[in-house]
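Beneath this line is the structure, given in C-alpha cells, with notes to follow.
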Amino acid sequence: MYYIGIDVGGTNLVAGLVNEAGRILDKVNHPVDKAMSAEELCLDLARMSKKLCEMGSVDFSQIEAVGVGLPGLVDNGAGVVVQTVNMAFDNTPLREIFQREWDVPVFLGNDANCAAAGEYWAGAAKGCDPAVVVTLGTGIGGGMVANGKVFTGFANSGMEVGHMIVHPNGVLCSCGNRGCWEQYGSATALIRLTQLEMERDRDSAMWELCEGDRFKAQGRTPFAAARQGDPAAKRVLAAYLQGLSVGIINLVNILQPEIICLGGGVSGAEDDLLLEPLRELVIQGTFDKNNPTRLERASLGNDAGVVGAALLCNML
Ligand SMILES: [Zn+2]
C-alpha cells in the first residue's frame, strides 16, 4: 500500500507518494495560486494527488490514505481547516470537498504535528517515544508523538510550545502575551539579537558579512562571524542559546521525552556552535540528570511535513 502526504505552505504546495517505511517515491509541487478560493484549493489538492498516482503508475485503489498538513488550526475529527495564517481557509470542510473529486480517506494535521510524525516514523526520532520535534523558523513550532500517537490536546491546539511564557514581562508576542519562547528562540529572534548587537558594536565582523546593512542580517550571520572569532557574534549566540535552552529545559522537565529534535533553518548550524553548547545548558537545567533527553537535529528537512502527513492515518 501507498500513502500520499501533502504539505500546504503559505506559498508552495508539495505532495509526495510515500511507502509504508516513510520513503518518498515521487513528489510534485507548485506555487499556491493566491487567487483561488478555499474550495478551489481543496479541489487543487485532490487533483494534485491524482496526478501523483498517475506519474508513479499507482492505481488509486492502492492508496491507503491521503494526509494534509496545514499551517494553522485543523480539526481532523470534523475534517475541517478551522483557520490558517495568510491563506484562504476559514472553517473549510477540506475532507468533504476533497472527496468530491476523489473518494479516499483524508486526514488533516497541523504542520508542526506532521513534522513530528515524520521524524518519528522515518527520521531522527525513529524508535523514540515520546518524541518532540521543535521547528525554529519565523516562530517556534512544536509537535509530539506519545505512545505512537500524535498529541493534539483536547481541541487540536496542544503543543503550541512557541507560546510558553519564559519571561513574564518580556517581549510582546503576536499572540498578545509577553515573553513567549518564540520571541527568544526562533530564527526571527536570532536575527533581532544580531541586529541589536551590531548596533552596539560597530567593529563586529557581522557588518562586513551584511555589506554594512544590518537589515541584511540572517540567521546564519552570527554563526559565520563566530566561526571567524568575532566577539560580538559570540555574545549573540550566547544570548540566543540561553533563550533557546529555557524552553527546551521546560519541555524536558514537563514531558521527559526520549528525544527532542530541532528542525528549521537555524538547526543546520554546525554542532560546536549550536547543539553542543545547547546540550550543556539543557543538562544543567534537567531535573532527572540520570535520564537525560537526547537533543538532536531533525533529519528529514523539508520532507518531514510530507512524510508525516502521509502517515498521519496511523498516528491519530
Ligand atoms: Zn506568543
Side-chain angles (χ1 to χ4, degrees), residues 8-11 69-75 81-87 89-91 108-117 130-146 150-197 217-219 222 236-255 257 260-267 274 278 281-282 285 293 295 298 304-305 308:
V8 176
T11 53
L70 299 116
L73 185 57
V74 302
D75 181 347
V81 184
V82 182
Q83 59 178 45
T84 48
V85 182
N86 299 326
M87 292 197 82
F89 302 105
D90 180 17
N91 280 312
L108 308 182
N110 156 283
D111 54 359
N113 289 337
C114 289
V132 169
V133 174
V134 169
T135 307
L136 310 173
T138 312
I140 298 183
M144 174 167 65
V145 177
V150 174
F151 178 86
T152 60
F154 87 92
N156 307 300
S157 298
M159 290 303 286
E160 284 292 341
V161 300
H163 300 287
M164 82 168 88
I165 295 170
V166 294
H167 290 287
N169 295 303
V171 178
L172 186 64
C173 183
S174 59
C175 73
N177 288 333
R178 284 193 175 274
C180 290
W181 185 32
E182 66 180 35
Q183 298 304 321
Y184 302 88
S186 64
T188 311
L190 176 59
I191 292 167
R192 191 190 73 235
L193 290 168
T194 300
Q195 291 172 337
L196 276 173
E197 192 58 41
Q218 294 178 311
V236 170
L237 292 185
Y240 175 69
L241 288 169
Q242 204 278 328
L244 184 56
S245 71
V246 175
I248 294 175
I249 290 165
N250 288 340
L251 291 172
V252 165
N253 289 339
I254 295 169
L255 302 167
I260 295 182
C261 300
L262 295 185
V266 173
S267 70
L274 182 77
L278 194 57
L281 291 167
V282 171
T293 294
L295 189 58

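Nothing here was measured: the structure is a model prediction, and the numbers come from that model. All ligand and atom numbering here is 1-based and tracks the order in the structure.
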task: With side chain to side chain contact (heavy atoms under 4.5 Å, CB included) as the test, would you mind laying out the steps for V171 and R192 before giving the verdict?
output: CA-CA 11 Å; V171 178; R192 191 190 73 235; 4.0 Å; yes

task: Give the intermediate values and the outcome of side chain to side chain contact (heavy atoms under 4.5 Å, CB included) for residues E182 and H163.
output: CA-CA 7 Å; E182 66 180 35; H163 300 287; 3.5 Å; yes

Side-chain heavy-atom pair M164, V246 within 4.5 angstrom cut-off: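 Heavy-atom side-chain distance check fails, nothing below 4.5 Å.
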
- prompt: How many protein N, O or S atoms are found at a distance of less than 2.8 Å from the Zn ion (ligand 1)?
  reply: 4

Can you check whether [Y]'s main-chain N or O pairs, donor with acceptor, with [X]'s side chain at less than 3.5 Å?
{"X": "D90", "Y": "Q83", "answer": "no"}
{"X": "Y240", "Y": "G185", "answer": "yes"}
{"X": "W181", "Y": "G243", "answer": "yes"}

